[in-house]
Amino acid sequence: MAALDRSFFEALDQADPLSSFRTRFDLPGDRVFLNGNSLGAPPKSTWNRLSRLVGQDWRDDMNSGWWKHGWLDLPRTVGDRIGRLVGAGPGQVVVGESTSVNLFKLLCGALRISTRRTVLTDSGNFPSDLYVADGIAAHVHPDARVRRVPAPDLLDALDDDVAVVMLSHADYRTAEILPMKEINERAHAAGALVLWDLSHSAGVLPLALDADGADLAVGCGYKYLNGGPGAPGYMYVASRLLPGFEQPITGWLGHADPFAFEAEYRPDPGVGRLTTGCPPLLSLVALDEGVALACEADPGMVRAKSTALTGWLIELTTGRLGPLSVEVPTPADPARRGGHVALRHPAAERLARGLAAHGIAVEFRSPELLRLAPSPLFNRYVDVWDAVAVLERLLTSEHRSLTYGAAGG
């Protein structure tokens with residue numbers, strides 16, 4: 001094998017079949033963003049689309065724009081685009097509110113379908129998801145309970161009182177992937193539904209919701225979908241469940257005929273029943289640009305590059321930073337690994353600040369994790385090399401006190 005130096009990774013970039021996508025993002029030349037699973041970069045087309053919307057369509061057409069420009073249809077149009085990324089056929093995905101609100105809707109709907117009362121979840125699940133489930137049990141379904149168990153014990157915890165299993169497909173800390181198809185099958189055999197959070201998966205991992213027998217799913221739009229800060233999230237309800245699915249926030253745009261202004265609620269016969277009020281148009285248009293760009297990339301190439309980027313991160317970290325007390329809790333097996341790599345070190349917070357000072361953005365997660373999440377569409381292989389090289393300098397000659405100082409981390 002050729003020597004592992006920066007030129008080796010530059011050569012990988014030269015051969016990268018996805019390299020042209022980088023030119024379609026608005027990225028400052030002196031910065032490296034390795035936090036794609038926290039906030040994606042802005043596509044250049046987003047600025048043009050929003051400028052036209054605000055300076056022309058909104059200004060000139062005002063309220064008629066909802067029909068003239070198809071604004072009212074965007075939650076479903078963008079939802080179907082996202083469906084292509086997550087392996088869902090048309091008419092099963094719709095863009096709604098934030099991921100937490102969407103989770104509230106679908107979890108309430110799942111509990112309404114079932115006569116059972118237990119929500120089974122991973123005790124290490126994303127905290128916001130746990131908060132939503134606890135809130136439902138406390139305020140909406142007082143007879144429901146949330147049972148938290150470690151991820152390895154999930155399947156053994158299935159019993160005849162579990163109504164729905166609520167899980168994140170990729171762990172937000174370590175990037176470990178749960179086996180979706182197996183869990184769906186085991187849960188169904190036990191008479192339970194499964195609700196997946198795809199926030200750290202969609203856009204970077206291959207997903208097959210329909211083929212894997214998924215029931216319900218939510219996800220956010222601002223990570224690998226590059227929809228912008230606070231971009232709206234999305235909901236998936238399998239077509240077999242959709243006709244009778246009831247969600248609790250029954251607003252007017254979820255009505256079968258919103259502009260009839262009937263006094264009684266009649267749900268839309270399809271996925272529109274998951275919507276509530278007017279869509280946040282500016283955010284939705286920005287999300288549309290990010291999703292449309294993601295849909296142009298071959299999903300096999302995206303996964304292959306993501307696996308390679310994270311694989312090199314693990315190999316370089318193990319070889320160069322392992323002797324400096326850096327651990328890698330992310331699975332080495334690419335089949336079990338999502339789109340980011342977690343590094344554990346007692347001075348992780350100070351290391352994150354040190355990387356930022358060198359123009360490299362990563363995420364710190366308390367108490368001692370760094371998350372490095374290269375986005376296959378805009379990150380380069382040299383970004384991985386540079387991040388590890390800076391970390392090595394921070395842990396040795398430049399900031400030796402990170403390891404040995406009294407303060408920190």
Without swapping roles, check the side chain of [X] against the backbone of [Y] for a donor-acceptor pair under 3.5 Å.
X: Asp288; Y: Leu284; result: no
X: Arg81; Y: Ala292; result: no
X: Thr276; Y: Ile249; result: yes
X: Arg240; Y: Val237; result: no
X: Arg117; Y: Leu111; result: yes
X: Gln92; Y: Tyr236; result: no
X: Asp80; Y: Gly83; result: no
X: Asp386; Y: Val384; result: no
X: Asp159; Y: Asp161; result: yes
X: Arg173; Y: Gly124; result: yes

With a 4.5 Å limit on heavy-atom distance, are the side chains of [X] and [Y] in contact?
X: Leu391; Y: Leu343; value: yes
X: Leu209; Y: Met180; value: yes
X: Asp197; Y: Asp129; value: yes
X: His345; Y: Glu327; value: no
X: Pro17; Y: Asp298; value: no
X: Arg148; Y: Asp134; value: yes
X: Leu195; Y: Val165; value: no
X: Glu262; Y: His255; value: yes

Looking only at non-hydrogen atoms, find the nearest pair between [X] and [Y] and report the distance.
X: Pro376; Y: Ser306; result: CG-CB, 3.6 Å
X: Ala297; Y: Leu377; result: CB-CD2, 3.7 Å
X: Leu225; Y: Ala202; result: CD2-O, 4.0 Å
X: Leu50; Y: Leu282; result: CD2-O, 3.5 Å

Have [X] and [Y] got a donor and an acceptor in their side chains that come within less than 3.5 Å?
X: Thr330; Y: Thr174; answer: no
X: His188; Y: Asp215; answer: yes
X: Glu289; Y: Asn226; answer: no
X: Arg337; Y: Thr310; answer: yes
X: Asn125; Y: Thr121; answer: yes

Test Phe104 against Val140 for side-chain contact (heavy atoms from CB on, under 4.5 Å), laying out the working first. CA-CA 10 Å; Phe104 174 85; Val140 181; 3.8 Å; yes

Under 30°, 30 to 60°, or over 60°: which ring-plane class applies to Trp252 and Phe259, parallel, tilted or perpendicular? perpendicular

Run the salt-bridge test on Lys105 and Glu97 with the 4.0 Å N-O cut-off and return the result as yes or no. yes

Salt-bridge present (Arg273, Glu246; N to O < 4.0 Å): no

Just how far is it from atom CG of Asp383 to atom CZ of Arg380, taken to the nearest 0.5 Å? 4.5 Å

Heavy-atom count check: over 12 atoms from other residues, nucleotides or ligands less than 6.0 Å from Arg84 CZ? no

Please check if the distance between the ring centroids of Phe8 and Trp385 is under 6.0 Å. no

From CA spacing to verdict: side-chain contact (heavy atoms from CB on, under 4.5 Å), Phe364, Leu351: CA-CA 9 Å; Phe364 164 71; Leu351 286 170; over 6 Å; no

Test side-chain hydrogen bond (donor to acceptor under 3.5 Å, both in side chains) applied to Asp61 - qualifying residues, sequence neighbours left out: Lys68, His69

